[in-house]
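Keep in mind that what you see is a predicted model, and the values were worked out from it rather than measured. Values reported hereafter were calculated over all heavy atoms of this structure, with side chains retained and with hydrogens, waters and symmetry mates removed.
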Amino acid sequence: MIWYPYEQMKTMKPPYEIVDAEGVYLYTKDGDKLIDSISSWWSVIHGYKHPVITKAIKEQADIFSHVMLGGLTHPAVQKLSDKLADWLPGDLDYCFFSDSGSVAVEVALKMALQYNVNRKDERKTVLALTHSYHGDTFKTMEVGDDEDYHFAFGEKKGVIHIPTELPALEEAFEKHHGELNCFIVEPLLQGAGGMLMYDLDFLKRARQLCDRYDVLLIFDEVATGFGRTGYRFVADEVLPDILVLGKALTGGHIGHAVTVAGEKVYRGFYGDDPALALMHGPTFMGNALACSAALASIELFEGQDYMSKIHRITEIMRREMSGFESPKVKEVRIMGGCICLEVRDRTDLAGYQEFAVKRGVFARPFLNCLYAMPPYVIGEEELAQVLSVMKVWFS
């Protein structure tokens, strides 16, 4: 029996069975053709069954599907590591691969802790944001701040949460800089915590304070990377010490993630003493199929000017939502390839998924958020349909 995510198994409604998927469409066993408005949890940026990525996976599978990176290496992981080092900003050159975003964040937090241990520094506290979400593994739950997902965790020790406000940021560093080993953020867009959006100036000031007090800055761009905020990476605007990527890394075709460290962090583990090494090693890190998919995905992103596609999505969202108001909607937020309608009462979203499916759209509201993060290949008419269904729900 399948144990489904985020569901009470006793009362859950039967899931929609998908028998095919192509482009922005999901095809159900019941014959429905649905626009996927959320890109399979924000990952399928090129749409489903993209021929370039599919071909890359098939060609690699004909050679081999996987070999471990412990004592071995292979061309696909070498090429992807070289590509990311060349493609990412600044000195983010050192790629530690894993198999999911949560694990990649765990690696980043472990790097930050051991970086300080290696230099005989006892700082063990993590600074994070209120309403943050960094995954469902144990340490990511600890640094997260979302009771709807992590209420069973219990008391959280060794972490300080602050809102995305400059006075709170300044105060946290003034009071706690001597105990902080890192500051971890979802830059500009806090996804699962409620599609909350904040200003770039906050991150610029965070960078300054991290430099002043020798605190590592970690960007969790698992959800925000590859253009979702309207920037290719927020790291292009403010350079972190550690960058975490996942989801869209492979175009959503296969699971993979990477924790990318800058020169300072990498050098903190480099030396003659074996005890300095990062003792971590996911079995499927650097998986050959995933690396091949990621290389193909990056090639599409570069070669087909995806940032222009994203900017067009933003324009259409703003145009279609211009003048929209509802007493049930507290706020409409748009950033890059994301739109969120925050309702005043989350019960007002009950039944929306079924409503949307009947109108040819798959959606998955959560908390008090009705949102869309469509594939970047979505056409104007398809995107307008998604937004129309959202508006009609409140009419």
Side-chain angles (χ1 to χ4, degrees), residues 66-127 134 137-140 142-143 158-159 176-184 207 209-221 235 239-246 249 256-288 290-291 294:
H66 178 68
V67 296
M68 63 187 284
L69 283 191
L72 303 173
T73 192
H74 57 84
V77 73
Q78 291 174 334
K79 290 177 182 176
L80 179 57
S81 185
D82 289 345
K83 181 61 181 177
L84 287 170
D86 179 64
W87 206 48
L88 294 175
D91 62 353
L92 292 170
D93 295 336
Y94 301 95
C95 300
F96 193 98
F97 294 99
S98 56
D99 42 14
S100 75
S102 293
V103 174
V105 174
E106 293 271 357
V107 170
L109 294 167
K110 189 172 180 177
M111 279 182 181
L113 177 62
Q114 190 178 336
Y115 171 82
N116 282 282
V117 169
N118 284 359
R119 62 180 187 164
K120 313 302 182 186
D121 192 320
E122 296 300 317
R123 289 187 281 180
K124 296 181 179 180
T125 302
V126 175
L127 184 64
H134 296 286
T137 50
F138 219 65
K139 189 65 178 178
T140 63
E142 185 175 55
V143 301
V159 59
H176 303 289
H177 63 267
E179 60 190 280
L180 300 177
N181 67 52
C182 70
F183 181 25
I184 183 169
R207 177 71 273 175
L209 291 168
C210 285
D211 288 340
R212 177 187 299 176
Y213 295 114
D214 198 16
V215 175
L216 296 180
L217 181 59
I218 301 173
F219 277 9
D220 174 359
E221 293 219 51
L239 187 68
D241 299 295
I242 301 173
L243 174 66
V244 186
L245 302 175
L249 176 64
H256 207 211
V258 63
T259 306
V260 189
E263 182 75 23
K264 179 176 76 172
V265 175
Y266 178 75
R267 290 296 164 189
F269 294 82
Y270 193 81
D272 295 323
D273 185 354
L276 296 176
L278 180 62
M279 298 303 289
H280 201 92
T283 299
F284 294 103
M285 66 182 298
N287 173 263
C291 288

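Residues that satisfy the side chain to side chain contact (heavy atoms under 4.5 Å, CB included) test with Leu209, not counting sequence neighbours, are Leu169, Glu170, Phe173, Arg205, Arg212, Tyr213. Thr283 pairs by the side chain to side chain contact (heavy atoms under 4.5 Å, CB included) definition with nothing, not counting sequence neighbours. Remark: Asp121 pairs with Arg123 by the side chain to side chain donor-acceptor pair (under 3.5 Å) rule, at least two apart or across chains. Here Arg267 pairs with Glu263 under the salt bridge (Lys or Arg N to Asp or Glu O under 4.0 Å) rule; sequence neighbours left out.
No side-chain heavy atom of Ile218 sits less than 4.5 Å from a side-chain heavy atom of Pro240.
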Determine whether Lys264 and Asp214 satisfy the following criterion, side-chain contact (heavy atoms from CB on, under 4.5 Å), listing intermediate values before the conclusion. CA-CA 11 Å; Lys264 179 176 76 172; Asp214 198 16; 3.8 Å; yes
Stepwise side-chain contact (heavy atoms from CB on, under 4.5 Å) test for His256 and Leu245: CA-CA 9 Å; His256 207 211; Leu245 302 175; over 6 Å; no
Let me see the working for Leu216 and Asn181 under side-chain contact (heavy atoms from CB on, under 4.5 Å), right down to the final yes or no. CA-CA 6 Å; Leu216 296 180; Asn181 67 52; over 6 Å; no
Intermediate values then yes/no, side-chain contact (heavy atoms from CB on, under 4.5 Å), Thr125 and His176: CA-CA 9 Å; Thr125 302; His176 303 289; over 6 Å; no
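Minimum interatomic distance between Gly286 and Leu69 (heavy atoms only, all atoms of both residues): CA-CD1, 4.1 Å. Of all non-hydrogen atoms in Val265 and Ile242, the two that sit nearest each other are CG2-CG1, 4.1 Å. In this structure, Asn118 and Ala275 approach most closely via the heavy-atom pair OD1-O, 4.2 Å.
Of the inter-residue distances, the one linking Phe183 atom CZ with Leu217 atom CG reads 7.0 Å to the nearest 0.5 angstrom. Separation of atoms CG (Leu239) and CG (Asp91) is listed at 6.0 Å; rounding is to 0.5 Å. Residue Thr259 holds its OG1 atom at 9.5 Å from CG of Asp220, rounded to the nearest 0.5 Å. The distance from atom OH of Tyr270 to atom OH of Tyr94, rounded to the nearest 0.5 Å, is 9.0 Å.
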Donor-acceptor pairs are to be reported for all side-chain atoms of residues 106-117 against protein atoms at under 3.5 Å, with residues two or more places apart or in another chain.
| unit_1 | atom_1 | unit_2 | atom_2 | d |
| --- | --- | --- | --- | --- |
| Glu106 | OE2 | Thr137 | OG1 | 2.7 |
| Glu106 | OE2 | Phe138 | N | 3.3 |
| Glu106 | OE2 | Lys139 | N | 2.9 |
| Glu106 | OE2 | Thr140 | N | 3.3 |
| Lys110 | NZ | Met279 | O | 2.8 |
| Lys110 | NZ | His280 | ND1 | 3.1 |
| Gln114 | NE2 | Leu276 | O | 3.3 |
| Gln114 | NE2 | Ala277 | O | 2.8 |
| Asn116 | OD1 | Arg119 | NE | 3.2 |
| Asn116 | OD1 | Arg119 | NH2 | 2.9 |
| Asn116 | ND2 | Ala112 | O | 2.9 |

Result block: side-chain N/O donor-acceptor pairs under 3.5 angstrom for residues 75-85, not counting sequence neighbours:
| unit_1 | atom_1 | unit_2 | atom_2 | d |
| --- | --- | --- | --- | --- |
| Lys83 | NZ | Glu302 | OE1 | 2.9 |
| Lys83 | NZ | Glu302 | OE2 | 3.2 |

May I have the list of side-chain donor-acceptor pairs in residues 97-105 shorter than 3.5 Å, sequence neighbours left out?
| unit_1 | atom_1 | unit_2 | atom_2 | d |
| --- | --- | --- | --- | --- |
| Ser100 | OG | Val103 | N | 3.3 |
| Ser102 | OG | Asp136 | N | 3.3 |

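Tested against Val126 for a side-chain contact (heavy atoms from CB on, under 4.5 Å), the candidates Ile184, Val215, Leu180 yield a single pass: Ile184.
Applying the side-chain hydrogen bond (donor to acceptor under 3.5 Å, both in side chains) test to every pair with at least one member in residues 66-76, sequence neighbours left out, gives these pairs: His66-Asn287.
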